[in-house]
Amino acid sequence: MKYNFDQVINRRGTYSTQWDYIQDRFGRSDIIPFSISDTDFPVPVGVQDALKKRIEHPIYGYTRWNHDDYKNSIVNWFKNQNDYEPNPDWILYSPSVVFTIATFMRLKSEVGDGVAVFTPMYDAFYHVIEDNDRLLMPVRLGSAQQGYQIDWDALETVLAQHNTKILLVTNPHNPTGKVFSPAELKRMVALCQQYHVFIISDDIHKDIVFSAATYTPITTYVQKNVVLCCSATKTFNTPGLIGSYLFEPEEALRSAFLVELKQKNALSSASIFGIESQIAAYNTGADYLLQLISYLQNNFDYLSDFLQKQLPEVTFKQPQATYLAWMDVSKLGLTSEALQSKLVNQGRVGIMPGKTYGDSQYLRMNIACPISKLQEGLRRMEQGIRS
Ligand SMILES: Cc1ncc(COP(=O)(O)O)c(C=O)c1O
């Protein structure tokens, strides 16, 4: 099956957060969005077929996730994609990755304890840490030119503090797209074991990895004091269908999570469409993923070329993973607010300010769209900056 990712599909009028509610983020609605991380691509045909079939059955009752069809689809996906075989007993369902992160944060730390993170980082993490009354313990990643390397001394200093109870990692990392290497993961694990710090690894971006890098699940190296959270929703563009999963190797922690999921929050009955779409995506979506990665690579090549020729003041290095372009705009010499005003009011384009992720010297552009939209967006970006 050949997918046509060039096809432009109008998303307006679908309650789309990215398109219909763009004004909430940028203050006006007459702009093209490159903001929240979903894609402008249709889901795989196998997913569409599974959903259509399920819709034809006109009863949409409470739905179980705890069965072989669900778990085997995940095990096989990791086996085929990552040469890694998780124990099916480790797999639990969760309504969202961020729900899993928040729940484990509350299970494994107390109010006032510290959560170590690599910054810049996905904006929801700032909220989940601070609004759960935990302390943010940032460790800054190095520059793009240095491969966003980890400052091991800074990490150790943070982990060694007596109130640091959790290390929250995203692998691959949002917004830089860094894929943590086996050596980095092993060293992180060793430090966390030394200082009794629980690891939460958010691997939601694990599938979209470009040829130069290889993703490794952290549970390859550690099966104690760790949870790995993941979901098919980024890769296959199904976040509106709801659903994610986790690998928790320790039985006591699985039980504790299930008490939270079932007893305390009554969230254990899954979305029918979330379950159906995830099974279908993992069982039939390998070919889609290959074509998606190749399409995104081409979009990144176009963006690199455009910036070199038209906007050489903006520095960009192709990420190892994700569909997020993390662009260094420091040479423009503008404040984040001044740059946003130019982009939004003159260029009429919505590109996320790096400030949202903890670095105002950057912009984060979601390039998971038909190339015609990217071309128009970059043209508008140039126009706005030159205005
Ligand atoms: C790193 C990361 N984690 C989690 C999410 C959201 O996942 P969920 O909707 O399952 O909470 C995103 C979405 O952009 C993300 O980039």
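Each ligand, and each atom within it, is numbered from 1 in the order the structure gives. A quick note: this is a predicted structure, and the numbers were derived from the prediction, not measured.
Between E260 and R254, none of the side-chain N atoms (NZ, or NE/NH1/NH2) sits under 4.0 Å from a carboxylate O, so this pair counts as no salt bridge. Contact check on K373 versus D40 returns a salt bridge, with a Lys/Arg side-chain nitrogen under 4.0 Å from an Asp/Glu carboxylate oxygen. Under a 4.0 Å N-O distance rule, the pair R12/D20 does not qualify as a salt bridge. With respect to the salt-bridge test (charged N to carboxylate O, under 4.0 angstrom), the residues R11 and D38 qualify. Ionic pairing of E382 and R379 is not present here: no N-O contact between side-chain nitrogen and carboxylate oxygen is shorter than 4.0 angstrom. Salt-bridge formation is not detected for the pair E110/R134: no Lys NZ or Arg NE/NH1/NH2 atom is positioned less than 4.0 Å from an Asp or Glu carboxylate oxygen. A salt bridge links E184 and K178; the closest N-O separation between the charged side-chain nitrogens and carboxylate oxygens is under 4.0 Å.
Geometrically, ligand 1 and S37 share a nitrogen or oxygen pair separated by less than 3.5 Å. Note: no N/O pair closer than 3.5 Å links I204 and ligand 1 by distance alone. Looking at ligand 1, you won't find any N or O of S244 less than 3.5 Å from one of its N or O atoms. At under 3.5 Å, a nitrogen or oxygen of H205, whether backbone or side chain, sits near a nitrogen or oxygen of ligand 1.
Distances from atom 16 (O) of ligand 1 to the heavy atoms of D123, T322, N174, I242 show the closest one on N174. Of the candidates D202, L324, V169, D202 brings a heavy atom nearest to atom 4 (C) of ligand 1. Comparing heavy-atom distances from atom 11 (O) of ligand 1 across V128, V98, I101 singles out V98 as nearest.
Nearest protein heavy-atom neighbour of atom 9 (O) of ligand 1: S96 CB, 4.3 Å. Nearest non-hydrogen protein atom to atom 5 (C) of ligand 1 is Y122 OH, 3.3 Å. Taking atom 8 (P) of ligand 1 as the reference point, the nearest protein heavy-atom neighbour is V97 N, 3.6 Å. Shortest contact from atom 13 (C) of ligand 1 to any protein heavy atom: K234 NZ, 2.7 Å.
Aromatic ring centroids of F306 and F316 lie 6.0 Å or more apart.
Applying the 4.0 Å criterion to heavy atoms of T170 picks out, from ligand 1, the atoms 1 (C).
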